[in-house]
Number of protein chains: 2
Amino acid sequence: MTDDTIIDRCEAKGLRMTGQRRIIAQVLDDARDHPDVEEIYARASKIDTAISLATVYRTVKLFDEVGIVDRLEFGDGRARYEDADRDHHDHLFDLRTGAVIEFVEPEIEALQEKIAQKLGYRLMGHKMELFGVPLDDIKPEKDA
Amino acid sequence: MTDDTIIDRCEAKGLRMTGQRRIIAQVLDDARDHPDVEEIYARASKIDTAISLATVYRTVKLFDEVGIVDRLEFGDGRARYEDADRDHHDHLFDLRTGAVIEFVEPEIEALQEKIAQKLGYRLMGHKMELFGVPLDDIKPEKDA
DNA sequence: GTACCTGCAAACTTTTTGCTACCGA
DNA sequence: TCGGTAGCAAAAAGTTTGCAGGTAC
């Protein structure tokens, strides 16, 4: 949405900015993928070896609670995180390779809003994940 | 889709039907909600006190793998399960009460199929969860 | 008969938390 | 200054697994 970094947004929300939080914020800002906590920890550790896993957990949880990052789950048991302040998109999970493809589909957004209202709700958020296999990678089935 | 019970479908798939599996299948057949493993275990235990939690875990995992039940995740860290052979539906999560409302929206289904194809994928499955608050339960904000 | 299944307990993975020392505003 | 924060290690929560005995087909 804006060009603010995560650090900017932390400060705007009045969070106390420690060295560790700055590093984690930077890691998340730089990420173009959807790292899990272990991965964020690994990247942060390259900058500051002393950072602890518990701090990473506490920090991403905090960032999620104040809406600075989004927590994603792709069903593999680990939570993944991404900067919340990007154009809204959903995810397609490549079942063959595990790759995550992002896409935006305004039609879906509008439809979801409509559905929620029809059910008597105000939509506060949503999650949509598609799971698929590449079209050019489907094995022939019964016919030779 | 059909009127087959879960037990019927297990047999159709050639699964060995033990007493425990029958009980768990029955519990899932009777469930109108989305129980987690602990809850399935509790319900199964009422029928057979000797059943073990490990068996429930193993069985729902098996049922999920062969497509007899669907595994759902609502972000609370536990997996939930429901009979896969019901009219397809998605879920709206009531943020105020924690209730889960099911809905069917063919337009969404069609759109998802289209999106996957546009991205070069064959859609194998999807998950969509809406999160909302009841319209008649929203606090007035700034205007009186 | 035998391959597969179960119960039990131990192990594993991911995430949270109690405590003490420390640091940012 | 001083209340929030970090690190560490222990614990919690959910799930999986090795093993020995049991069971469906």
Side-chain angles (χ1 to χ4, degrees), chain A residues 6-28 34-45 47-66 68-81 98, chain B residues 6-28 34-66 68-81:
Chain A
I6 290 181
I7 295 178
D8 290 340
R9 280 175 277 146
C10 286
E11 286 169 349
K13 298 217 180 241
L15 300 185
R16 180 184 292 193
M17 289 316 285
T18 64
Q20 292 90 332
R21 287 187 182 173
R22 263 176 236 283
I23 290 172
I24 294 165
Q26 191 61 57
V27 165
L28 290 167
H34 311 85
D36 58 28
V37 171
E38 205 67 45
E39 180 60 30
I40 296 167
Y41 174 56
R43 295 181 195 174
S45 296
I47 305 172
D48 174 3
T49 326
I51 206 163
S52 81
L53 186 55
T55 295
V56 178
Y57 271 105
R58 280 192 272 236
T59 303
V60 293
K61 187 177 190 180
L62 172 70
F63 286 180
D64 178 40
E65 282 165 0
V66 301
I68 284 176
V69 304
D70 284 333
R71 177 196 185 99
L72 309 172
E73 285 178 78
F74 294 125
D76 56 2
R78 280 161 297 174
R80 293 148 177 278
Y81 295 87
Chain B
I6 289 181
I7 295 179
D8 290 340
R9 280 175 277 145
C10 286
E11 287 168 348
K13 298 217 180 239
L15 299 186
R16 180 182 291 191
M17 288 316 284
T18 64
Q20 292 90 334
R21 286 185 183 175
R22 263 176 237 283
I23 290 171
I24 293 166
Q26 191 61 56
V27 165
L28 289 168
H34 311 86
D36 59 28
V37 171
E38 206 67 46
E39 180 60 29
I40 296 167
Y41 173 57
R43 295 180 195 176
S45 297
K46 286 187 191 159
I47 306 172
D48 173 4
T49 327
I51 206 162
S52 83
L53 186 56
T55 294
V56 177
Y57 270 108
R58 279 192 273 236
T59 303
V60 294
K61 188 178 189 179
L62 173 70
F63 285 1
D64 178 40
E65 282 164 0
V66 301
I68 282 175
V69 304
D70 284 333
R71 178 196 184 95
L72 308 172
E73 286 177 78
F74 294 125
D76 54 3
R78 280 162 297 177
R80 292 148 178 278
Y81 294 86

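Note that this is a predicted model, so its numbers are computed, not measured. The sequence lines fix the lettering, A, B, ..., with proteins before strands; numbering per chain opens at 1.
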| B:G19 or A:S52: which one's nearest nucleotide on DNA chain D is closer to the 5' end? | A:S52
| field | Global bending angle along the helix from C:dG1-D:dC25 to C:dA25-D:dT1, which compares the axes of five pairs at either end, to 10 degrees | value | 50°
| Which residue pairs satisfy the salt bridge (charged side-chain N to carboxylate O under 4.0 Å, His left out) criterion with at least one member in residues 42-51 of chain B, sequence neighbours excluded? | B:D33-B:R43, B:E39-B:R43
| At their closest point, which heavy atom of B:I24 faces which heavy atom of B:V56, and how far apart are they? | CD1-CA, 3.9 Å
| Can you name the residues that form a side chain to side chain donor-acceptor pair (under 3.5 Å) with A:Q26, not counting sequence neighbours? | A:D30
| field | Partner set under salt bridge (Lys or Arg N to Asp or Glu O under 4.0 Å) for A:D36, not counting sequence neighbours | value | A:R78
| field | Any residue meeting salt bridge (Lys or Arg N to Asp or Glu O under 4.0 Å) with B:E38, in chain and number order, not counting sequence neighbours | value | none
Identify each donor-acceptor pair in which a side-chain atom of residues 57-66 of chain A lies under 3.5 Å from a protein atom, sequence neighbours left out, and give them as a table.
unit_1	atom_1	unit_2	atom_2	d
A:T59	OG1	A:T55	O	2.7

| task | Using side chain to side chain donor-acceptor pair (under 3.5 Å) as the criterion, list what pairs up with B:R71, not counting sequence neighbours. | result | B:Y81
| message | If I compare all heavy atoms of B:I68 with all of B:R9, which pair ends up nearest, and what's the gap? | response | O-NH1, 3.6 Å
| query | Considering residues at least two apart in sequence or located in another chain, which fulfil the ring pair (Phe, Tyr, Trp, His ring centres under 6.0 Å) criterion with A:Y41? | reply | none
| query | For B:S45 and B:I51, which heavy atoms make the closest approach, and how far apart are they? | reply | OG-CG2, 3.9 Å
| field | Proximity to DNA chain D (any heavy atom under 4.0 Å), residues of residues 39-49 of chain B only | value | none
| request: To the nearest 0.5 angstrom, please state how far the CG atom of B:L28 sits from the CD1 atom of B:I23. | output: 12.0 Å
| query | How does each nucleotide of nucleotides 13-23 of chain D score, in 5' to 3' order, for protein heavy atoms under 4.0 Å: base (B), sugar-phosphate only (S), or none (-)? | reply | -SBBBB----B
| query | With A:R22, which residues qualify under salt bridge (Lys or Arg N to Asp or Glu O under 4.0 Å), at least two apart? | reply | A:E11
| Earliest and latest nucleotide of DNA chain C, 5' to 3', sitting under 4.0 Å from a non-hydrogen atom of chain A? | C:dT14 to C:dA25
